[in-house]
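What you see is a predicted model; the values in this text were computed from it and never measured.
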Amino acid sequence: MAFVIGQLAADEAEILSIGVSPDWQRVGLATGLLEGLSRAARRGGAKRIFLEVAEDNEGGIALYRKLGFTEAGRRKRYYERPGSTAVDGLTLVLDLDAAKA
């Protein structure tokens, strides 16, 4: 149905992967998973959460921005796709102190 995998190191957390089965998309599962991971990261002492997303993943980017993530960097041509042009990877960050407000 849905999953999120993250890690915590010192005062930073990272979302390694998140996925929702197509039949269950757009019903709030990803939002709930990310909010839960944010709470757990905050309890673990994290001040920020990072993730990376392909710049053409419009749905993912919209979700992350809705939750308060902002762009912190860009990896040029990071995502190579067979038979297609490589796309940039966006590094996004959520400031957990600011997200509390």
Side-chain angles (χ1 to χ4, degrees):
M1 195 174 344
F3 72 93
V4 64
I5 301 170
Q7 67 180 3
L8 176 66
D11 66 349
E12 293 182 350
E14 180 181 10
I15 296 169
L16 301 172
S17 187
I18 183 168
V20 178
S21 297
D23 290 345
W24 290 93
Q25 291 177 356
R26 308 242 187 283
V27 297
L29 291 176
T31 297
L33 288 171
L34 292 171
E35 288 172 344
L37 187 137
S38 295
R39 285 190 302 273
R42 189 177 285 119
R43 281 192 308 270
K47 299 193 182 309
R48 289 170 297 284
I49 300 176
F50 289 89
L51 63 84
E52 193 161 273
V53 61
E55 71 174 350
D56 62 353
N57 182 345
E58 295 174 7
I61 292 169
L63 170 65
Y64 303 136
R65 294 211 188 282
K66 177 184 87 169
L67 294 174
F69 283 84
T70 59
E71 189 172 333
R74 180 178 292 260
R75 294 179 185 213
K76 293 291 186 185
R77 300 176 47 84
Y78 187 71
Y79 289 95
E80 293 185 24
R81 299 190 174 127
S84 183
T85 305
V87 298
D88 292 355
L90 303 179
T91 301
L92 303 181
V93 63
L94 176 65
D95 180 335
L96 290 173
D97 290 334
K100 279 195 260 186

So, for Ala2 and Leu33, which heavy atoms are closest and what is the spacing to 0.1 Å?
CB-CD1, 3.7 Å
What is the minimum heavy-atom distance between Ser38 and Ile49, and which atoms define it?
OG-CD1, 3.5 Å
First locate atom CG of Leu34, then atom CD1 of Ile18, and finally report the distance between them rounded to the nearest 0.5 Å.
3.5 Å
Under a 4.0 Å N-O cut-off, is there an ion pair linking Arg48 with Asp95?
no
Please enumerate all residues that pass side-chain hydrogen bond (donor to acceptor under 3.5 Å, both in side chains) together with Glu35, with sequence neighbours excluded.
none
Which ILVMFWY residues are connected to Tyr78, directly or by a chain of links, through side-chain heavy atoms under 4.5 Å apart?
Tyr79, Val87
I'd like to check the side-chain hydrogen bond (donor to acceptor under 3.5 Å, both in side chains) partners of Gln7; sequence neighbours left out, ordered by chain and number.
Glu14
Indicate the atoms forming the closest heavy-atom contact of Leu8 with Ala41, along with that distance.
CD1-O, 4.5 Å
Work out which heavy atom in Leu96 is nearest to a heavy atom in Ala46; give both atom names and the distance.
CD1-O, 3.4 Å
Per-pair distances, 0.1 Å, donor-acceptor, side chain in residues 54-70, under 3.5 Å, sequence neighbours excluded:
| residue | atom | partner | partner atom | Å |
| --- | --- | --- | --- | --- |
| Glu55 | OE1 | Arg74 | NH1 | 2.8 |
| Asp56 | OD1 | Arg81 | NH1 | 3.3 |
| Asp56 | OD1 | Arg81 | NH2 | 3.3 |
| Asp56 | OD2 | Arg81 | NH1 | 2.6 |
| Asn57 | OD1 | Gly60 | N | 2.8 |
| Lys66 | NZ | Thr31 | OG1 | 3.3 |

When Ile, Leu, Val, Met, Phe, Trp and Tyr are grouped by side-chain heavy atoms lying under 4.5 Å apart, directly or through other members, which residues fall in the same group as Leu16?
Phe3, Ile5
So how far is it from Asp88 CG to Lys76 NZ, rounded to the nearest 0.5 Å?
4.5 Å
Which pairs of donor and acceptor atoms, one on a side chain in residues 19-27, lie under 3.5 Å apart (sequence neighbours left out)?
| residue | atom | partner | partner atom | Å |
| --- | --- | --- | --- | --- |
| Ser21 | OG | Met1 | O | 3.3 |
| Gln25 | NE2 | Val20 | O | 3.0 |

Quick one: list whatever passes salt bridge (Lys or Arg N to Asp or Glu O under 4.0 Å) with Glu52, sequence neighbours left out.
Arg75
Report the distance from atom CG of Leu94 to atom CD1 of Ile15, rounding to the nearest 0.5 Å.
8.0 Å
Sequence neighbours excluded, the answer for side chain to side chain contact (heavy atoms under 4.5 Å, CB included) partners of Ala86 is Arg77, Glu80
